[in-house]
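Single-structure report; data block below.
Everything quoted here is computed from the prediction, not taken from an experiment. Note that ligands are numbered from 1 as they come in the structure, with each ligand's atoms numbered from 1 the same way.
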Amino acid sequence: MKLTAEQLRSFDEEGYVFFPNCFSEEEVALLRTEGEAILQQDRQEVWREKTGAPRTAFAAHTFNEVFRLMAHHPRLVEPLRQYFGEEVYVHQFKLNAKAAFEGDVWQWHQDYGTWARDDGMPEPRAMNIAIFLDEVYPINGPLMLIPKTHKQGVFAAGHDKLTTSYPLWTLDKETVTRLAEEAAPKGGVGIVAPTGKPGSVLMFHGNLVHASPPNITPYPRKIVYLTLCAVSNHITKFTRPEWIAHRDFTPIVPVADDALLAYARAHRIAAE
Ligand code: SIN
Ligand code: MN
């Protein structure tokens with residue numbers, strides 16, 4: 001999959017690009033089943049909300065074959081190789097549960113703020129790719145973005161270790177208010193929340209300001225975040241565990257485009 005000239009232009013201008021229905025229902029069903037099983041596991045990579053509900057499973061691509069295939073999937077890897085003009089490696093892999101009724105807030109932040117401060121990543125030449133495993137509605141804790149904020153570098157941030165179970169470098173209310181005002185079209189608001197069917201994909205710039213509200217609905221909102229980094233831009237500081245900020249900078253060799261389907265079909269036949 002290649003980004004079109006229009007998608008590249010829109011990405012440069014807005015800081016994100018959205019691909020509805022990038023993965024089929026059969027592919028997503030496999031990912032969802034495996035993801036739900038991982039979130040139940042008791043292991044160091046699975047972090048919980050303060051209530052005990054699952055929040056994030058890190059590094060599932062290192063211990064689960066289906067997520068290994070996803071992290072090496074050409075529909076995700078090729079657009080980033082194209083954009084960065086070089087090979088990429090996996091910097092981080094998160095499955096965020098945003099559980100029904102209990103999924104907690106993600107405060108306003110920039111991902112590159114954390115990658116630079118905590119991991120010594122030289123440049124914002126890394127990007128998050130969000131893959132929706134459940135339908136994302138306006139009401140179940142969607143990811144909210146402030147368009148165009150990727151053009152202003154890294155903002156001052158405070159290290160919030162208290163609000164949720166996951167420490168994050170977060171922006172203050174004044175900065176978010178100013179940025180939303182700047183991004184607002186005439187008569188509108190300056191925050192967008194892309195919604196869509198399971199299998200939709202959202203790529204967003206490492207400096208794009210984003211957040212998500214708690215999920216108080218009965219509808220879970222699982223999203224996988226695959227963070228790919230240009231190989232020449234690999235991290236230089238190892239302050240976080242290896243399974244949060246990876247230290248294997250080997251370029252990704254993509255799998256076949258039908259790898260998830262082949263896996264699903266082979267395992268269905270084996271189970272029959
Ligand atoms: C993130 O910003 O890394 C996660 C946000 C979310 O899952 O809502
Ligand atoms: Mn983030």
Original post:
How open is the angle at the Mn ion (ligand 2) from atom NE2 of H210 over to atom NE2 of H109, rounded to 10 degrees?
Top reply: 90°

**OP:** With ring pair (Phe, Tyr, Trp, His ring centres under 6.0 Å) as the test, would you mind laying out the steps for Y83 and F11 before giving the verdict?
**Re:** CA-CA 10 Å; Y83 182 75; F11 182 85; 5.0 Å; yes

Original post:
Touching ligand 1 at all, L143? Heavy atoms, strictly under 4.0 Å?
Top reply: yes

**OP:** May I ask you to identify the nearest protein heavy atom to atom 3 (O) of ligand 1, giving residue, atom name and distance to one decimal place in Å?
**Re:** K94 NZ, 3.0 Å

Original post:
What's the shortest distance from atom 8 (O) of ligand 1 to any protein heavy atom, and which residue and atom give it?
Top reply: S212 OG, 2.6 Å

Subject >> Ion pair check, R247 and E242, cut-off under 4.0 Å >> reply: no

Subject >> Partner of D134 by salt bridge (Lys or Arg N to Asp or Glu O under 4.0 Å), out of R32, K197, K98 >> reply: R32

**OP:** Ignoring angles and geometry beyond distance, decide whether Y225 reaches within less than 3.5 Å of ligand 1 through its nitrogen or oxygen atoms.
**Re:** yes

Subject >> Which segment of K222 sits under 4.0 Å of ligand 1 when only heavy atoms are counted >> reply: neither

Original post:
Cation over ring, R43 on W243, under 6.0 Å and within 45°?
Top reply: no

**OP:** Check each atom of ligand 1 against the heavy atoms of R221 and keep those under 4.0 Å away; list them by number with element.
**Re:** 6 (C), 7 (O), 8 (O)

**OP:** May I ask you to check whether Y219 and Y137 place their ring centres under 6.0 Å from each other?
**Re:** yes

Original post:
Which single N/O/S atom of D111 lies at minimum distance from the Mn ion (ligand 2)?
Top reply: OD1

Subject >> Residues H91, W115; criterion ring pair (Phe, Tyr, Trp, His ring centres under 6.0 Å); working and verdict >> reply: CA-CA 9 Å; H91 170 60; W115 304 334; 5.7 Å; yes

**OP:** Measure from NZ or CZ of K94 to the centre of the six-membered ring of Y225, then state whether that distance is under 6.0 Å and the direction lies within 45° of the axis.
**Re:** yes

Original post:
Nearest to atom 4 (C) of ligand 1, what protein heavy atom do you find, and at what distance?
Top reply: N96 ND2, 3.2 Å

